[in-house]
Amino acid sequence: MFDEEEPTKKPKSLDLDDLSVEEIEGMINDHKSEIINLEALLKKKKDKLKLADTFFKKN
């Protein structure tokens, strides 16, 4: 009849005090990489919007 949705799982909270220096550095590097990827994606989307604006620009 109706498909039941899977209950959303809350991410397990992470106690940052329990992390080693190496783990913290790894997390920082992972986050930096993700930020770079997101910035590239944002630039692509903005460029597409700019192109669409010029294409559909009314005179």
Side-chain angles (χ1 to χ4, degrees):
M1 197 154 138
F2 292 104
D3 291 331
E4 291 186 29
E5 293 182 24
E6 282 188 35
T8 54
K9 295 180 181 178
K10 282 188 172 182
K12 188 177 178 181
S13 62
L14 186 61
D15 188 0
L16 299 176
D17 289 332
D18 291 341
L19 296 176
S20 69
V21 171
E22 292 81 14
E23 289 171 320
I24 294 169
E25 288 172 341
M27 288 178 68
I28 289 170
N29 288 329
D30 290 345
H31 283 87
K32 284 181 181 178
S33 297
E34 187 66 22
I35 289 169
I36 291 168
N37 292 337
L38 288 169
E39 287 173 337
L41 177 62
L42 180 60
K43 183 182 180 328
K44 281 184 187 178
K45 289 190 176 260
K46 284 183 175 182
D47 290 346
K48 285 182 183 180
L49 285 173
K50 192 182 298 183
L51 180 63
D53 282 345
T54 59
F55 184 75
F56 292 108
K57 187 176 183 180
K58 295 179 182 179
N59 290 328

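With values rounded to the nearest 0.5 angstrom, Met27 atom CE is found 14.0 Å from Glu22 atom CD. For the atom pair CG (Leu49) and OG1 (Thr54), the distance works out to 11.0 Å, reported to the nearest 0.5 Å. Here CG of Asp47 is found 9.5 Å from CG of Leu42. Values are rounded to the nearest 0.5 Å. Going from atom NZ of Lys43 over to atom NZ of Lys50 covers 7.5 Å, rounded to the nearest 0.5 Å. Rounding to the nearest 0.5 Å places NE2 of His31 at 10.5 Å from CG of Leu38. In this structure, CG in Asn29 is found 7.5 Å from CD in Glu25, a value given to the nearest 0.5 Å.
Both Leu16 and Ile28 are assigned to one and the same hydrophobic cluster, defined by single-linkage of ILVMFWY side chains at heavy-atom distances under 4.5 Å.
Using a 4.5 Å cut-off on side-chain heavy atoms (C-beta onward), Glu23 and Leu14 make no contact.
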